[in-house]
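Worksheet: one structure, shown below.
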Amino acid sequence: MVNLLESMHKCCLPSGVPSESPSAYEKSFVHKIFGGHLRSQVKCQQCSFCSNKFDPFLDLSLKIFKAESLQKALANFTAAEWSDGGERQYNCQRCKQKVRALKQLTVHKALYVLTIHLKRFHAHNPGQKIKKKVRFDCALDLKPFVSGSYNSTRDSFDKWLQQHQIKVPPRKIRDILK
């Protein structure tokens with residue numbers, strides 16, 4: 001699904017617009033439907049200066065090794081973490097030195113259609129598949145994971161797709177939640 005979205009994004013751009021340029025994300029109808037922006041914020045613990053970086057995305061890749069539910073996987077993805085030692089120290093733009101900092105990734109611009117990729121393979125052993133169920137509800141409240149404006153809406157289609165290998169058959173919600 002991720003490759004399909006990327007290919008559609010590239011194919012549907014006006015001629016002459018590079019696929020990785022900032023204007024590509026503004027002009028691509030694929031990005032307007034499936035795209036959002038992630039905010040990476042780093043906060044200096046000495047002077048409280050916040051550095052924000054915004055990156056476009058078409059899907060969220062979530063680790064499931066330590067998550068029993070989709071909500072927990074999203075919470076892990078957006079959890080704040082310390083960069084306080086060695087190469088992980090943050091070079092503060094205001095302090096002009098390496099400092100202890102708190103880094104957090106959040107969804108800044110929510111999207112109309114959210115594509116989630118569950119990472120089902122161990123990072124340290126790519127050949128070993130994680131074989132466990134990940135719970136999720138019919139509706140997903142993104143509000144706890146969003147740093148920008150967020151309006152919760154639910155479409156009237158009530159269709160879910162479960163992708164497995166190459167086939168993507170339409171499924172009823174009660175079958176998906178089994």
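Computed from a predicted structure; not experimentally measured. Nothing fancy with the numbering, it's 1 onward along the sequence.
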Atom [atom1] in [X], atom [atom2] in [Y]: separation rounded to 0.5 Å?
X    : Y    : atom1 : atom2 : result
K103 : S51  : NZ    : OG    : 10.0 Å
C44  : Y90  : SG    : OH    : 7.5 Å
R94  : C47  : CZ    : SG    : 4.5 Å
Q104 : S147 : CD    : OG    : 8.0 Å
K132 : R120 : NZ    : CZ    : 9.0 Å
Q93  : F49  : CD    : CZ    : 4.5 Å

Please examine the side chains of [Y] and [X], heavy atoms only from C-beta on, and report whether any two atoms are closer than 4.5 Å.
X    : Y    : value
W82  : R100 : yes
V146 : V107 : yes
Q71  : F145 : yes
L74  : L60  : yes
L70  : D137 : no
L142 : L140 : yes
L102 : Q45  : yes
Q46  : Q97  : yes

Does the pair V99 and Q89 meet the rule for a side chain to side chain contact (heavy atoms under 4.5 Å, CB included), with working shown? CA-CA 6 Å; V99 294; Q89 277 193 318; over 6 Å; no
Between F54 and H108, is the ring centroid distance below 6.0 Å?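 For F54 and H108, the ring centres are under 6.0 Å apart.
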Examine [X] and [Y] and state if one hydrophobic cluster contains both, with Ile, Leu, Val, Met, Phe, Trp and Tyr joined whenever side-chain heavy atoms are less than 4.5 Å apart.
X    : Y    : answer
I116 : L38  : yes
L105 : F57  : yes
L62  : F65  : yes
L114 : V134 : yes

Looking at D59 and H117, what are the two nearest heavy atoms and their distance? OD2-CB, 3.8 Å
Could you report the tightest heavy-atom contact between S61 and K119, atom names first, then the distance? CB-CE, 3.5 Å
